Protein chains: 2
Amino acid sequence: MALSGLFLEIFRANGRLVAAGDKLVSPLGLTSARWQVLGAVAMSSAPQPVAHLAGDMGLARQGVQRIVNELADQGLLAFEDNPRHRRAKLVQLTADGKAIMAAAAKVQRPWVDDLAADLDAGKIAIAAEVLKALWNRLDEEPGVDGTLEQD
Amino acid sequence: MALSGLFLEIFRANGRLVAAGDKLVSPLGLTSARWQVLGAVAMSSAPQPVAHLAGDMGLARQGVQRIVNELADQGLLAFEDNPRHRRAKLVQLTADGKAIMAAAAKVQRPWVDDLAADLDAGKIAIAAEVLKALWNRLDEEPGVDGTLEQD
DNA sequence: TTCATATTGACAATATATTACCAATAAGAC
DNA sequence: GTCTTATTGGTAATATATTGTCAATATGAA
């Protein structure tokens with residue numbers, strides 16, 4: 001089954017990407033996970049509560065919460081009052097957070113460009129399309145009772 | 001940059017696959033990680049020491065060691081003396097281990113077939129090819145000093 | 001309003017992974 | 001033979017992520 005083979009490649013690629021990301025941004029005092037959280041905040045058009053960020057990333061709410069709290073302690077993220085929900089504060093990049101993301105982008109760009117040079121752009125697009133279709137199907141996957149579970 | 005987008009899809013797909021695998025084999029008392037270790041043992045043509053299995057999986061030796069030890073305590077794996085190395089025992093599936101892998105395959109097959117039905121087989125192959133090329137490049141990636149690090 | 005439901009954050013327990021370091025073993029250079 | 005190096009397993013500390021549970025808050029139905 002070709003699809004099972006793809007699964008193994010996804011596991012392997014994921015591990016290497018996390019390791020490579022850790023190495024890339026460790027001089028900035030970041031890790032892959034923290035960088036990804038900062039990226040999710042940066043990419044969102046408007047400030048989001050933690051639960052929404054976790055949903056975007058496809059991760060459990062609680063894990064993202066832990067990292068967001070630590071990044072806030074570190075001064076890279078800040079909580080803003082949410083007029084629509086008293087508890088669900090909106091997460092924003094601070095000036096320091098924006099600066100560190102700019103620094104990360106600066107080391108990331110040549111690294112990604114170098115990687116991309118060896119790969120076929122059309123095939124990259126197809127791979128991204130397949131993976132997105134795959135995880136979208138997995139998100140819809142019903143439980144044994146036919147319901148979709150949350151949290 | 002299209003490649004950066006692919007990275008995000010890999011992270012998302014990885015998380016969903018682990019979650020789906022956990023759900024699939026939890027009735028058997030397995031997790032995704034243990035299932036993958038058992039799979040690595042099953043797929044190897046000859047019994048391997050733990051360090052080789054970890055290399056095949058692209059994971060740190062120590063993490064695989066922990067799971068192998070637990071699976072051995074559970075009676076699913078067994079260590080066999082290695083004539084070429086006194087410490088590096090060879091890991092093998094026990095009868096129980098083979099039975100549980102057969103049971104896992106039985107629930108996995110229809111699940112994978114169902115997923116594959118919605119995806120283009122040719123594109124799956126391309127995606128696997130791209131991911132393999134990607135992590136191969138990441139494995140070669142030199143450190144800042146130009147050397148390849150191990151362990 | 002009142003009630004049920006969903007969302008959100010907080011906290012704890014656990015599984016999964018990493019890195020770092022050490023000891024035992026093996027292989028090869030000399 | 002000796003010495004150096006690489007491989008391998010063991011152990012510990014830590015980061016990452018999951019699930020489970022609870023309380024606070026918001027939403028919508030009755």
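Because the structure is a prediction, the values reported are computed rather than measured.
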In whole Å, what is the span from the CD atom of A/Gln48 to the P atom of C/dG9? 11 Å
Could you check whether B/Asp81 pairs with B/Arg86 (Lys NZ or Arg NE/NH1/NH2 to Asp/Glu carboxylate O, under 4.0 Å)? no
Can you check whether B/Lys132's main-chain N or O pairs, donor with acceptor, with B/Asn136's side chain at less than 3.5 Å? yes
For nucleotides 16-21 of chain D, give me every protein contact, N/O to N/O, under 3.5 Å, one pair per line with atom names.
unit_1: D/dT16; atom_1: OP1; unit_2: A/Thr31; atom_2: OG1; d: 2.5
unit_1: D/dT18; atom_1: OP2; unit_2: A/Ala60; atom_2: N; d: 2.6
unit_1: D/dG20; atom_1: O6; unit_2: A/Gln62; atom_2: NE2; d: 2.8

Which angle, rounded to 10°, do you find between the first-five-pair axis and the last-five-pair axis of the helix from C/dT1-D/dA30 to C/dC30-D/dG1? 30°
Which part of the nucleic acid, if any, lies within contact of B/Val18, taking any heavy atom under 4.0 Å across all strands shown: a base, the sugar-phosphate backbone alone, or nothing? nothing
Considering only heavy atoms and no angle criterion, is a donor-acceptor pair shorter than 3.5 Å present between the side chain of B/Arg86 and the base of C/dA26? no
If you measure from the Lys or Arg side-chain nitrogens to the Asp or Glu carboxylate oxygens, is any gap between B/Lys123 and A/Glu129 under 4.0 Å? yes
Does B/Asp118 have more than 12 heavy atoms from other residues, nucleotides or ligands lying within 6.0 Å of its CG? yes
A/Arg34 vs A/Ile67, test: side chain to side chain contact (heavy atoms under 4.5 Å, CB included). Steps then yes/no. CA-CA 6 Å; A/Arg34 285 152 190 257; A/Ile67 293 181; 3.8 Å; yes
Atom-to-atom span, CG of B/Asp81 to P of C/dT25 - whole angstrom: 13 Å
Interatomic distance, NZ@A/Lys98 vs CG@A/Asp96, rounded to 0.5 Å, equals 11.0 Å
Atom pair distance, as rounded to whole Å: CG in A/Leu53 and P in C/dT7: 16 Å
Which atom pair, heavy atoms only, marks the closest approach of A/Ala78 to A/Thr94? CB-CG2, 3.7 Å
For C/dT8, does OP1 or OP2 lie under 4.0 Å from any side-chain N or O of A/His52? yes
Rounded interatomic separation in angstrom, taking NZ from A/Lys23 and P from C/dT18: 14 Å
Is the number of heavy atoms from other residues, nucleotides or ligands within 6.0 Å of CG (A/Asp73) greater than 12? yes
Residue met sooner reading DNA chain D from 5', once A/Asn82 and B/Ala88 are mapped to nucleotides: B/Ala88
Here the distance between atom C1' of D/dA6 and atom CZ of B/Arg87, to the nearest Å, is 14 Å
Rounded interatomic separation in angstrom, taking CG from B/Asn14 and C1' from C/dT18: 15 Å
Could you check how far CG of A/Asn69 sits from P of C/dG9, rounded to whole Å? 9 Å
Proximity to the side chain of B/His85 - top-ranked nucleotide from C/dT7, C/dA26, C/dG9: C/dA26
Separation between CG (A/Leu17) and CZ (A/Arg12), nearest 0.5 Å, reads 14.0 Å
Just how far, in rounded Å, is P of C/dA20 from CD of B/Gln65? 19 Å
